[in-house]
Amino acid sequence: MNLTKNTRRAAVALTVPILLFTAACGSEDGKGSSGAAVAKVEGKAGEKPKITVPKDAKPAEKPVTKTLIEGKGATVKKGDLVRLDFEAQTMKGRNLGGSWTPQPGSKPGGPRTQVVTEVTDQMTQQMLPPKVLSAMAGQKVGSRVEIEGTAKALIGAGLNPQAGIKPEDGLVWVVDVVGAKKVDKKAKAEGDQKEPEDGLPKVTAPDGKAAQIEVPKGEKAPKDLKEQVLVKGKGPEVKAGDGLIAQYTGVKWEDGKKFDSSWDHGGATAFQIGTGQVVQGWDKALVGKHVGDRVEIVIPPKLGYGASPQHELAKNTLVFSVDIVGTV
């Protein structure tokens, strides 16, 4: 389950001016060159960078990766889950979006909406093309990295023809590695499980499979958010802005049918919590919980997809079993 509202069932992606690349975008080898970068980047890691490019500069025909600031944290490996800040623009100065730009509905002084994803050479989100994302492998947490080149070099055949960018145009991404975590795809909450409270579905979580969620027959769906910690973890508290690593299963209250599960897509996945990237029911229920918890959540349409009438789950009350197995 992709947890963004646009591409997954339980969650909105960062706002960008254009859809720069399509789902067909991918990286052939994930490798860049160590050629000279032409863009000038100012600013400290953790702060919005200022990117300038000389007017006569020509973009490299192969991806150029430059570590601007080397962090002191763990080295990122392919397959790790990461939390990233980024700023992107064309070499002619056209803004392509970034995590420092406040998102609609964001709270002043609240956590920034960031990219939380797996380091891979495959297309996983719409903010960073695979060749930019895969360049994070080998970098250290706390680093600031610049990736530049032509649109053809960085995006290739996945370049969206509607974006108004030509293959020979130069593009620049500046990425801060905020956090990284190796994930056990088979991880789950461990410990004694409580019985559900009156009126809530029963959850059974077999090893390596989607949880079985049994909606009580004849029971009307609650009109407000319901949540219960079924297994109490001993890990750190989940804070707004964290990248939450979870196993989850979701069913519809109305018929009890499963509509998605992380176990159906390779196991534990991650998304940012408490920043509006997931439906309101997730943000409200999971911020403040702890790593190791198994949480049952019942989400009415008003806190799910009720605001999106065209969504297939717009009228459904959603029931989730969520195992919090880590943060990034």
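The shortest heavy-atom contact between Pro201 and Val215 is CB-CA, 4.0 Å. Looking at every heavy atom in both residues, Ala189 comes nearest to Asp323 through N-OD2, 2.9 Å. In terms of heavy atoms, Ala153 sits closest to Glu61 at CB-O, 3.4 Å. Taking all atoms of both residues into account, the shortest heavy-atom contact from Pro216 to Gly199 is CG-O, 3.6 Å. Across Glu237 and Asp242, no two heavy atoms sit closer than the pair O-OD2, 4.1 Å. Shown here for Ile69 and Gly43, the closest heavy-atom pair between the two residues is CD1-O, 4.0 Å.
Val319 is listed as a side-chain neighbour of Glu296, based on a closest heavy-atom distance under 4.5 Å. Residues Val298 and Glu227 form no side-chain contact, since every pair of their non-hydrogen atoms from C-beta on lies 4.5 Å or further apart. With a 4.5 Å cut-off on side-chain heavy atoms, Val328 and Val183 do not count as touching. Taking 4.5 Å as the limit, every side-chain heavy atom of Val238 sits out of range of all side-chain heavy atoms of Leu286. The shortest distance between side-chain heavy atoms of Asp169 and Thr90 does not fall below 4.5 Å. Asp184 is not listed as a side-chain neighbour of Val325, based on a closest heavy-atom distance of 4.5 Å or more. When side chains are defined from C-beta on, Val145 does not count as touching Trp173, because their heavy atoms never get closer than 4.5 Å. Pro301 has its side chain out of reach of Lys315: every pair of non-hydrogen atoms, C-beta onward, lies at least 4.5 Å apart.
Formation of a donor-acceptor pair under 3.5 Å by the Asn160 side chain with backbone atoms of Gln162 is found in this model. Here the side chain of Asn95 pairs a donor or acceptor atom with the backbone of Gly97 at under 3.5 angstrom. Side chain of Ser308 to backbone of Gln310: no donor-acceptor contact under 3.5 angstrom is found. Looking at Gln125, its side chain does come within 3.5 Å of a backbone N or O of Leu128 through a donor-acceptor pair. For the pair Asp293 (side chain) and Val295 (backbone), a donor-acceptor distance under 3.5 Å is absent. Gln272 places a side-chain N or O within 3.5 Å of a backbone atom of Gln114 that can act as its donor or acceptor partner.
Summarising the geometry, atom CZ belonging to Phe86 is positioned 8.0 Å from atom OG1 belonging to Thr101; distances are rounded to the nearest 0.5 Å. Atom NZ of Lys44 and atom CG of Leu68 lie 15.0 Å apart (nearest 0.5 Å). We find the CD1-CH2 distance between Ile299 and Trp253 to be 12.5 Å, quoted to the nearest 0.5 Å. Ile165 CD1 to Ile155 CD1: the interatomic distance, rounded to the nearest 0.5 Å, is 6.5 Å. Taking NZ of Lys131 as the start and CG of Leu171 as the end, the distance is 12.5 Å to the nearest 0.5 Å. To the nearest 0.5 Å, atom CG of residue Asp260 and atom OG1 of residue Thr249 are 8.5 Å apart.
Atom CD of Glu219 sits in a crowded spot, with more than 12 heavy atoms from other residues, nucleotides or ligands closer than 6.0 Å. Environment of NZ in Lys289: crowded, with over 12 heavy atoms of neighbouring residues, nucleotides or ligands closer than 6.0 Å. No more than 12 heavy-atom neighbours from other residues, nucleotides or ligands sit within 6.0 angstrom of CD on Glu214.
Classification of Asp80 and Lys182 as a salt-bridged pair fails, no side-chain N sitting under 4.0 Å from a carboxylate O.
Side-chain atoms of Asp85 and Ser99 include a donor-acceptor pair closer than 3.5 Å. If you check the side chains of Gln139 and Thr67, you find a donor sitting under 3.5 Å from an acceptor. No side-chain donor from either of Arg94 and Gln89 sits under 3.5 Å from a side-chain acceptor of the other. Side-chain atoms of Thr117 and Thr124 include a donor-acceptor pair closer than 3.5 Å.
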Exercise for the section: Go through the steps for Lys232 and His290 under the test side chain to side chain contact (heavy atoms under 4.5 Å, CB included), then give the verdict. Expected result: CA-CA 8 Å; Lys232 182 62 178 175; His290 292 78; 3.5 Å; yes

Exercise for the section: Any chance you could lay out the side chain to side chain contact (heavy atoms under 4.5 Å, CB included) test for Ser134 and Lys78, step after step, and finish with the verdict? Expected result: CA-CA 7 Å; Ser134 61; Lys78 185 176 180 180; over 6 Å; no

Exercise for the section: Assess whether side chain to side chain contact (heavy atoms under 4.5 Å, CB included) is satisfied between Lys239 and Val287, documenting all intermediate values. Expected result: CA-CA 6 Å; Lys239 298 178 181 179; Val287 171; 5.9 Å; no

Problem - Gln277 and Thr113: CA distance, side-chain angles, deciding distance, side chain to side chain contact (heavy atoms under 4.5 Å, CB included) verdict - result: CA-CA 8 Å; Gln277 290 202 64; Thr113 303; 3.3 Å; yes

Exercise for the section: Would you please test Asp207 and Lys188 for salt bridge (charged side-chain N to carboxylate O under 4.0 Å, His left out) and show each step? Expected result: CA-CA 8 Å; Asp207 290 338; Lys188 67 171 205 172; 2.5 Å; yes

Exercise for the section: Start with the C-alpha distance between Lys185 and Glu118, add both sets of side-chain angles, then the distance that settles salt bridge (charged side-chain N to carboxylate O under 4.0 Å, His left out), and finish with yes or no. Expected result: CA-CA 12 Å; Lys185 293 285 190 177; Glu118 181 179 340; 3.3 Å; yes

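Applying the salt bridge (charged side-chain N to carboxylate O under 4.0 Å, His left out) definition to pairs two or more places apart or across chains, those involving residues 139-156 are Glu70-Lys140, Arg144-Asp176. Pairs passing the salt bridge (charged side-chain N to carboxylate O under 4.0 Å, His left out) check and including a residue from residues 245-255, sequence neighbours excluded, read Lys252-Asp255.
When the side chains of ILVMFWY residues are joined at heavy-atom separations under 4.5 Å, either directly or via intervening members, Phe271 and Val178 end up in two distinct hydrophobic clusters. Under a hydrophobic clustering in which Ile, Leu, Val, Met, Phe, Trp and Tyr are joined whenever their side-chain heavy atoms come within less than 4.5 Å, directly or via other members, Val291 and Trp282 fall into the same cluster. Cluster annotation: Val231 and Leu200 are assigned to distinct hydrophobic clusters (Ile/Leu/Val/Met/Phe/Trp/Tyr, side-chain heavy-atom contacts under 4.5 Å, transitive). Cluster annotation: Val141 is connected to Val132 through the hydrophobic network of ILVMFWY side chains, with a link wherever side-chain heavy atoms come within less than 4.5 Å. Follow the hydrophobic side-chain contacts under 4.5 Å out from Val38 and you reach Val174 in the same cluster.
Residues meeting the salt bridge (charged side-chain N to carboxylate O under 4.0 Å, His left out) test with Glu87, sequence neighbours left out: none.
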